[in-house]
Amino acid sequence: MANSTGLVIEDLAKTYGNGVRALDGVSLEVAPGMYGLLGPNGAGKSTLMRTLATLQEPDRGRLFLDGEDVLAAPDHLRQRLGYLPQQIGAYAGVPARDLLDRFAWLKGRHRRSERRDEVENLLEKVNLREVAHRPASTFSGGMLRRFGIALALIGSPRLLIVDEPTAGLDPAERNQFHRVLADTASNTVVLLSTHIVEDVENLCDRLAILANGRLLAEGTPAALALPYQGVLWEASFERDEPVPKEALRVLPRPGGRRVICHAEQAPDDRFVARPPRLEDVYYLALENARREAAA
Ligand SMILES: Nc1ncnc2c1ncn2[C@@H]1O[C@H](COP(=O)(O)OP(=O)(O)OP(=O)(O)O)[C@@H](O)[C@H]1O
């Protein structure tokens, strides 16, 4: 395992001082490409991301990037890491271009011309060249996220960690952000943590579903959906109509509800077969975990 290309996570565990077990033996292999990390609030995603970014240490477990032991030599990883956290500081007053230049210097780009080329290429990539004379503190939310990714891409990282990137972005900004990520993923491990299942379905080659610090499922969106072919059903209900006990999800709709059931047979003749979506797989994985915990 340690010799694999890409990222290998072995049996990672972390319990905080307050007793919360945020990671409970997580193991994963992630090849270059886009990898999605899904999970409800408190699942342990940020803990995993911060640990991978060497911002905190696990209690147990090992991490390898391209076969190198990350925890044994965290400084070496930091040179090959890009991390876009949920919140980025905007450093009021410093022009965005200068800030990128300073970060490039910190990443070991000590030749001015090399730095300038990289900074201009990144500004072009994230479509901020025209406004790069302004401090990032004056940017809109979408511009700030794009600036964050330019910062994270300095030094052509081998591992790019992106935590909840598109919260609050309008659809055009979200698309632009996704395009930059998809371009990057051709030769980089891009780990994308999000609550937006649709983004993972559209963008990621593979994904993991995490809850209570444990891995519930891992694979390609298609492979994870396969076991649910032929066992999902949907129907529209009036607002006050009773919902069958097999209901997996009840989605509000104007004037009523859309009900999705998981059952071998259609619960009744109002239901039609529903091809499984990643969203269904996600809810089923959480539901199975909840039932197991309650048993
Ligand atoms: N510094 C900390 N001290 C104590 N408990 C923490 C700390 N950081 C996180 N936790 C707890 O660990 C668990 C996992 O948190 P984490 O932030 O990793 O989850 P998450 O999946 O990123 O959640 P969200 O989607 O809400 O960001 C939660 O129960 C959280 O309350």
Side-chain angles (χ1 to χ4, degrees), residues 7-30 34-63 70-71 74 77-78 81-89 141-142 144-145 148-149 152 159-169 174 177-178 181 189-204 206-219 221 224 249 278-294:
L7 175 69
V8 175
I9 301 171
E10 279 182 10
D11 193 28
L12 213 59
K14 173 75 184 176
T15 301
Y16 287 107
N18 57 0
V20 172
R21 198 177 292 174
L23 294 175
D24 192 6
V26 171
S27 298
L28 273 181
E29 284 192 55
V30 187
M34 287 277 274
Y35 194 94
L37 198 56
L38 284 174
N41 290 123
K45 304 180 300 295
S46 296
T47 302
L48 178 58
M49 302 231 149
R50 287 197 302 268
T51 308
L52 293 173
T54 72
L55 296 172
Q56 65 183 56
E57 288 186 2
D59 301 333
R60 191 181 78 216
R62 301 209 297 169
L63 298 173
V70 166
L71 299 172
L77 173 91
R78 284 176 201 134
L81 170 80
Y83 178 46
L84 180 58
Q86 285 182 9
Q87 305 283 335
I88 65 163
L144 205 52
R145 290 316 272 173
I149 201 153
L159 170 62
L160 177 66
I161 295 175
V162 188
D163 202 351
E164 272 304 321
T166 51
L169 296 193
R174 196 167 140 206
F177 190 88
H178 286 164
L181 282 189
V189 177
V190 179
L191 211 55
L192 170 69
S193 168
T194 177
H195 291 122
I196 306 175
V197 181
E198 191 194 342
D199 285 356
V200 171
E201 189 166 41
N202 292 337
L203 284 172
C204 295
R206 296 181 76 87
L207 70 130
I209 301 174
L210 198 70
N212 299 321
R214 289 178 185 219
L215 211 60
L216 303 182
E218 199 280 331
L224 290 177
R249 297 167 64 202
L278 187 58
E279 227 181 15
D280 302 320
V281 173
Y282 175 70
Y283 280 97
L284 283 157
L286 295 184
E287 178 61 18
N288 290 342
R290 198 187 55 75
R291 284 212 188 116
E292 272 171 32

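Counting from 1, the numbers follow the sequence of the chain as shown. Order of appearance sets the numbers: ligands from 1, and atoms from 1 within every ligand. Quick note: numbers below take in every heavy atom, side chains included, and nothing from hydrogens, waters or symmetry partners.
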S.K.: Touching ligand 1 at all, R50? Heavy atoms, strictly under 4.0 Å?
M.R.: yes
S.K.: Pick, from L23, V20, N18, the option with the minimum heavy-atom distance to atom 11 (C) of ligand 1.
M.R.: V20
S.K.: Note the single closest protein heavy atom to atom 18 (O) of ligand 1, along with its residue, its atom name and the distance in Å.
M.R.: T47 OG1, 2.5 Å
S.K.: Starting from atom 27 (O) of ligand 1, find the nearest protein heavy-atom neighbour and note its residue, name and distance.
M.R.: Q86 NE2, 3.6 Å
S.K.: What protein heavy atom sits nearest atom 26 (O) of ligand 1, and how far off is it?
M.R.: N41 ND2, 2.8 Å
S.K.: Among protein heavy atoms, which lies nearest atom 25 (O) of ligand 1, and at what distance?
M.R.: K45 NZ, 2.8 Å
S.K.: Mind checking whether G39 has an N or O less than 3.5 Å away from an N or O of ligand 1?
M.R.: no
S.K.: To check you understand the geometry: which heavy-atom pair defines the closest contact between R145 and D163, and what is its length?
M.R.: NH2-O, 3.4 Å
S.K.: Tell me which protein heavy atom sits closest to atom 23 (O) of ligand 1, plus the residue, atom name and distance to 0.1 Å.
M.R.: G42 N, 2.8 Å
S.K.: Considering heavy atoms of the protein only, find what lies nearest to atom 6 (C) of ligand 1 and give residue, atom and distance to 0.1 Å.
M.R.: Y16 CD1, 3.2 Å
S.K.: State if G17 counts as touching ligand 1 under the rule of any non-hydrogen atom under 4.0 Å.
M.R.: no
S.K.: In the protein, which heavy atom is nearest to atom 17 (O) of ligand 1, and how far is it?
M.R.: S46 CB, 3.7 Å
